[in-house]
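Structure first, commentary second.
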Amino acid sequence: MLKIIIPTAMLMPMTWLSKPSMIWINSTTYSFLISLVSLSYLNQLGDNSLNLSLLFFSDSLSAPLLVLTTWLLPLMLMASQSHLSKETLARKKLYITMLIILQLLLIMTFTATELIMFYILFEATLIPTLIIITRWGNQTERLNAGLYFLFYTLVGSLPLLVALLYIQNTTGTLNFLIIQYWAKPISATWSNIFLWLACMMAFMVKMPLYGLHLWLPKAHVEAPIAGSMVLAAVLLKLGGYGMMRITILLNPTTNQMAYPFMMLSLWGMIMTSSICLRQTDLKSLIAYSSVSHMALVIVAVLIQTPWSYMGATALMIAHGLTSSVLFCLANSNYERIHSRTMILARGLQTILPLMAAWWLLASLANLALPPTINLIAELFVVVASFSWSNMTITLMGTNIIITALYTLYMLITTQRGKYTHHIKNINPSFTRENALMTLHLLPLFLLSLNPKIVLGPIY
Amino acid sequence: MLRRTLLLGLCRGPLGRGLGTHRGGSILDRDGKMSEIKKKIQSILPGGDWNPLYDTSHLPPESSDVVIVGGGVLGLSVAYWLKKLEKPRGAIRVLVVERDHTYSRASTVLSVGGIRQQFSVPENVQLSLFSIDFLRNINEYLAVADDPPLDIQFNPSGYLLLASEKGAAIMENNVKVQRQEGAKVCLMSPEQLRNKFPWINTEGVALASYGMEHEGWFDPWCLLQGLRRKVQSMGVLFCHGEVTRFMSSSNLMKTASGEEVNLKRIHEVHVKIDQSLEYQPVECAIVINAAGAWSGQVAELAGIGKGPPGTLQGTKLPVELRKRYVYLWHCPQGPGLETPFVIDPSGTYFRREGLGHNYLGGCSPTEEEEPDPGNLEVDHDFFQDRVWPPLAQRVPAFETLKVRSAWAGYYDYNTFDQNGVVGPHPLVINMYFATGFSGHGLQQAPAVGRAVAEMVLEGHFQTINLSSFLFSRFYSGEKVQEHNII
């Protein structure tokens, strides 16, 4: 594990000591190398975990998330080059440092063994993200967005700290590897119900669950591109990952306690998808679609069947890559037209045909076209929830249709039709942008050839 | 040595000296940094006047999809139609930047407020026809919940254009065009004129055209306030400031015929706050130039006209300020309530104002006697020399008039062909014009606003085809000359 952590930490002095012309090149290349190193962790042993040290371990659930995190850093750096070009050198280096610190904390979070260490790093990831959103965001509303983001997560996770300390006191350990085997079934007393709530609320807010999702559209829309990418792709998955880890301790209370959250997720899925149909701001549309996809993950984790866990893991990876590429596409639009409103930039297919191809592929992935892993994941979740209760199929089916509707609406509004007069002179697509989209979409589509990597420990 | 340092440290250290006093230099304060830090700490402590969370509510937002430069009737009309015609409601964010909230020099409120369809260019007739429909149904268009309905005091008294022998043939042609477009105009001979309007002296008049419906005058201030109220309720932001700079980026591109053009797009508008050095850069996708008489200056800020003359880059926006006077007089023996808006062949015009035998009128000066547009001072000699004699000749009752008051206003005068400029600029591709109407902007504002909004949202004119009013005619030289200009 040190072979990933130390190079990531050393990326910081490398950024500060690089020549001005080389900061982007150095940081992007070396973070790429680190991500290629992390690919070795995908070589997992069945349903057991790869125990690397007392502090770090990785199993088939955390390894794909780890690879996603390390893969995303070079992509974030590539995406940020344009909007930071006018800043001073020190600011650019500071921005890159924030991204690297965030990366470091995320890597350690996904591979932590001790749940307290996981908690501390989980909270610590808020700080660089907050700095990125409030300092480099686009509008004045970013202060409000940062506040919402920070306080929703903090308030949700304070009970988690208390619960973890309580579990440490009663069970004697919070080391995940041990607690898997020591977890005793807990009865449904009031205190255990509160324990369940305390453990789960932090992750519910992070996912986010439909009733607690208010911070997400704000944070996503106001964040700069790298902030949006890392928020959508990785930080939301922290919630899913945490839920999947902590539900081991909470059986069988989950069977009763899950009901209200299942209702909220199932209903919220449809609500947020419908909101997407009425969105005029492109980034806001993609943010709400994230809520909708994550609601599927919540449903899957709360059902706790083998198929649903496989679906949840695959959906996290698939959604990470898909929504990250959609944000990059929206950003490439924004950098040219300086507005995020969809109807002001129409008919881009005639002007930027290659970018239209990426738009098409990303949209097709978003609406879970076979044989992408998006489809495999959604299908597993839908089938598992059907077995949990037959009624959910109507809601899930409606959600799939509405997802297809808003994704195609987004595609057709931005790409098809006659272009507007004021976008005639936009810059053609840069190689950097095309490379960015390829590097997102290539893993996504290659994974459909071998999805068992991302199907988690149950496979 | 040590003793001296100790002495200095004990007696003349920075805090020992008292904040703010500085005599000579101590070792600790050699470059003045310490006193700066002290000043800063002093201002942060309670009682100081530094506030880290400074109030920015007077500043415009940091970004807006559409920035409309100018908050007169044309600017507000464009804002209204943009918000009305946008497909998903609330999609576009519009910011209207107006530097004078009292509208003290705006052409809209200083206007005489007439509306007519008697133009020679068919597009002008269509524009006025739609505008009168808008004005007649203004409370359906501009209704705001819980607010009283608007009363624009439309007097449908019609326009009476008089033509001498020379202009009679042109007038007949014009009336034919107007009738084709749907205006209700009738031609009158001097006999019929004398029968209908006994107060008129038909000497020198060969033909007259009288608008029978949809013509008259109204209260421009009411229209402005109605639009402002409605537009604010639709979510348009207003900013009290002045546009001082456009930041643009340009791309060298090749047209289909192979020639190279430099297409610019404005990506930021610097709005300077009134009576302050503060400015806010507003990131925008589209800029609409509706600055009225000052549109030429705004266009120059965007770099329109900076190039070798005779090329498209060097074609300026030919809109400039022209001062026009309006006089209000009282004449108890004057024409009665049926008086239309009379326009004499000499260019003098007058109309009835109110019910107390008051009349408004004026005359457009010729090119040689154009007054200096630097201020809005009224020249009363102009009335004595240029306005009164033709008036008195045309309406003998006006020999005994008494001028009550007068004011001056600006025309956004299009020196090229006195017709409006509508639509995008060919080179600065995200600047749209809605200006240059040379005295008939108020009456065509609702229709022009709709046309510009269609151009912005759809890319082409949908209801009224104003493609002959585009900017490119200044370069290609195709004049759309309007003959019936007051």
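Reckoned from all heavy atoms, side chains included, excluding hydrogens, waters and symmetry mates. Quick note on labels: first sequence line is chain A, next is B, and so on, each numbered from 1.
Rounding to the nearest 0.5 Å gives a distance of 8.0 Å between CD of A:E433 and CG of A:L436. A:L367 CG to A:L405 CG: the interatomic distance, rounded to the nearest 0.5 Å, is 10.0 Å. Between the CD1 atom of A:I337 and the CZ atom of A:R340 there is a distance of 13.0 Å, given to the nearest 0.5 Å. Here the CD1 atom belonging to A:I225 is positioned 7.0 Å from the OG atom belonging to A:S324, to the nearest 0.5 angstrom.
Contact annotation for A:I426: both backbone and side-chain heavy atoms come within less than 4.5 Å of a heavy atom of chain B. Heavy-atom distances place the backbone of A:R336, and not its side chain, under 4.5 Å from chain B. Of the atoms belonging to A:L344, it is side-chain heavy atoms, and not backbone ones, that fall under 4.5 Å from chain B. Looking at A:N427, both its backbone and its side chain come within 4.5 Å of chain B, counting heavy atoms on both sides.
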Check against side-chain contact (heavy atoms from CB on, under 4.5 Å), A:M410 and A:L408: CA-CA 5 Å; A:M410 174 176 67; A:L408 288 176; over 6 Å; no
Run the ring pair (Phe, Tyr, Trp, His ring centres under 6.0 Å) check on A:H83 and A:Y95 step by step: do they pass? CA-CA 11 Å; A:H83 80 87; A:Y95 190 81; 5.7 Å; yes
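Among residues two or more places apart in sequence or in another chain, the salt bridge (Lys or Arg N to Asp or Glu O under 4.0 Å) test is passed with B:E300 by none.
Of residues 230-252 of chain B, those residues with a non-hydrogen atom less than 4.5 Å from any non-hydrogen atom of chain A are, in numerical order, B:S249, B:N251. Inspection of non-hydrogen atoms places no residue of residues 461-473 of chain B under 4.5 Å from chain A. For a heavy-atom cut-off of 4.5 Å, chain A lies close to B:K264, B:R265, B:H267 in residues 264-274 of chain B.
Between chain A and the options B:P424, B:G459, B:C284, B:A91, the largest number of non-hydrogen pairs under 4.5 Å is found for B:A91. For the options A:K418, A:R346, A:M342, heavy-atom pairs under 4.5 Å to chain B are most numerous at A:R346.
For the ring pair (Phe, Tyr, Trp, His ring centres under 6.0 Å) with A:H220, the qualifying choice from A:F327, A:Y148, A:F149, A:Y288 is A:F327, the only one to do so.
Salt-bridge annotation for B:E86 and B:R93: absent, with no side-chain N of the basic residue lying under 4.0 Å from a carboxylate O of the acidic one.
Atom CZ of A:R432 has more than 12 neighbouring heavy atoms from other residues, nucleotides or ligands inside a 6.0 Å radius. The environment of OH in B:Y141 is crowded: more than 12 heavy-atom neighbours from other residues, nucleotides or ligands sit within 6.0 Å. Within a 6.0 Å radius of CZ in A:F430, other residues, nucleotides and ligands contribute more than 12 heavy atoms. Atom NZ of B:K306 has more than 12 heavy atoms from other residues, nucleotides or ligands within 6.0 Å.
If you check the side chains of A:T322 and A:N366, you find no donor sitting under 3.5 Å from an acceptor. Using modelled atom types and a 3.5 Å distance limit, the side chains of B:N289 and B:T435 yield no donor-acceptor pair.
The side-chain heavy atoms of B:D65 and B:I286, taken from C-beta on, include no pair separated by under 4.5 Å.
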